[in-house]
Protein chains: 2
Amino acid sequence: MADVENGSGAAAPRKRADARRNEATLLDAAAAAFVESGVNVPVRDIAARAGVGVGTIYRHFPTRADLIVAVYRHQIEACAGAGPVLLAERDRPHDALARWIGMFVDFLVTKHGLAEVLRSDAAAFQALHASFIDRLVPVCRQLLEAAAAAGEIRPGLDAYELLRGVGNLCVGAGSDPRYNPRHLVELLIAGLRIQ
Amino acid sequence: MADVENGSGAAAPRKRADARRNEATLLDAAAAAFVESGVNVPVRDIAARAGVGVGTIYRHFPTRADLIVAVYRHQIEACAGAGPVLLAERDRPHDALARWIGMFVDFLVTKHGLAEVLRSDAAAFQALHASFIDRLVPVCRQLLEAAAAAGEIRPGLDAYELLRGVGNLCVGAGSDPRYNPRHLVELLIAGLRIQ
DNA sequence: TTGCCAAACGGAACGAAGTTCCGTACGGTC
DNA sequence: GACCGTACGGAACTTCGTTCCGTTTGGCAA
């Protein structure tokens, strides 16, 4: 995840043309398969959709988490970038926090099964945490600290814990018409507020 | 789940002695296996521990959910029974609600993986919902309504949604030292309070 | 006590899915 | 154009849930 970045170019051996082509094809196929069948779609299905062997998937993306991260990297980046913007736009940091959490919820609930896999901390999902959580936690912390500094929320809640919690609340969203995570996330954010 | 109850005895064909013995052995083995390896322990492991074939497990407990329900039935019953007691004991219904939710959290976080399976609504987990959720939702609703009637919380939150949410927040508890669901559950309950 | 039979048992067998491995193909370079 | 190492494909292996069926056995009636 840290090497083979375009840009600096130091010690990046430049992959073969067919490898680059396959990686792009796989990302497209995975994105489509995720939409259609959720992020837990069988590896074979993605391979078939991309017209490659399963070995090729494992070469490019050793774990399912690597593939998920690659597919959703742009959206995570957009979400992370929106944090400071919201903070600058809004007068009340608590408002910015609520909106930002809302964006995160929107992202999660539109991806079948993504919240489920976000919760795991097994070795296989190291990459997920490294890329998703580690990217978003600092943003969330900034929002929390701004709201706490403004005296709008009680301080002390850990950003990681909040994000994990919100992620957990989104588990199973969409598969149960009686359950709407947004209600509970709103309550959670309301609970933060100083009475 | 509804038949073969001791008691009334109408149309209960009385199972064979070996069947009853195996069922008890299986419950013990499953309870032990759940503690050691979580509720997702492989069926074969439970069978081996009980000294029976896998077919015997499926005969007594067609789905994993049936087994889980049978193992934890007593604890669920105790939790459900505690609701009215707490309500009678406490002056403030919101306090009773908070304590009761705390009991539910305690139950969930001490069972590896139980919260995970609680979230599913796939056909296989019908029994889980029928026994766990359907037993607890009315109790939770009673507490919510009492607190709303006392003017302590804003009305309108669905008991099912709250229980699902609390269950979700407990997903992954214990496998991540940085995540303590109790913090967030407390915030959630605090968020219910009328400001 | 003995014999019968349906209930119950055990575990082989099957299917789905993840993961590994290795012979083959091919892109890039000399 | 030849060479070499990267990359490919998919068969094979593993794990796990689930089903199925030949065998055993408990309960009962003769």
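The shown structure was predicted, so the numbers you read here are calculated from the model rather than taken from an experiment. Just so it is clear, the values below take in all heavy atoms, side chains as well, and ignore hydrogens, waters and symmetry mates.
Residues A:R99 and A:E89 are not paired through a salt bridge, judged by the lack of any N-O separation under 4.0 Å between the basic side chain and the carboxylate. The pair A:E152-A:R92 counts as a salt bridge, with a side-chain nitrogen and a carboxylate oxygen less than 4.0 angstrom apart.
No donor-acceptor contact under 3.5 angstrom links the side chains of B:D158 and A:Y179, judged on distance only. No hydrogens or angles considered: nothing links the side chains of A:D28 and A:T25 as a donor-acceptor pair under 3.5 Å. Residues B:D176 and A:Y160 bring a donor and an acceptor atom of their side chains to less than 3.5 Å of each other.
The stretch residues 45-54 of chain B comes close to DNA chain C through B:G51, B:V52, B:G53, B:V54, each having a heavy atom under 4.0 Å from the strand.
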Open item on the list: Does B:T63 form a side-chain contact (heavy atoms from CB on, under 4.5 Å) with B:Y58? I'd like the steps, not just the answer.
Closed with: CA-CA 7 Å; B:T63 71; B:Y58 280 95; over 6 Å; no
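No side-chain heavy atom of B:S131 sits less than 4.5 Å from a side-chain heavy atom of B:I76.
Of all the heavy atoms in A:L169 and A:P181, the pair that sits closest is O-CB, 3.3 Å. Nearest approach of A:L184 to B:E161, heavy atoms of both residues: CD1-O, 3.3 Å.
What separates CD1 of B:I57 from P of D:dT19 is a distance of 14 Å, to the nearest Å. Atom CZ in A:R44 sits about 8 Å away from atom C1' in C:dA16, given to the nearest Å. When the C1' atom of D:dG17 is taken as reference, atom CD1 of B:I68 falls 14 Å away, rounded to whole Å.
Close to D:dC8, at under 4.0 Å from its OP1 or OP2, lies a side-chain N or O of A:H60. Contact annotation: B:T56 side-chain N/O to C:dA8 OP1/OP2 distance is not under 4.0 Å. Contact between the side-chain N/O atoms of B:N22 and the OP1/OP2 oxygens of C:dA8 is not found at any separation under 4.0 Å.
For the helix from C:dT1-D:dA30 to C:dC30-D:dG1, the axis fitted to the five pairs at one end and the axis fitted to the five pairs at the other end meet at an angle of 10° (nearest 10 degrees).
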TODO: Sugar-phosphate atoms are those with a prime plus P, OP1 and OP2; base atoms are the rest. Using that split, label each nucleotide of nucleotides 21-30 of chain C B, S or - for protein heavy atoms under 4.0 Å, 5' to 3'.
DONE: -----BSS--
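In this structure, CD on B:E36 lies 4.5 Å from CZ on B:R49, to the nearest 0.5 angstrom. A distance of 14.5 Å separates CG in A:L188 from NE2 in A:H183, rounded to the nearest 0.5 Å.
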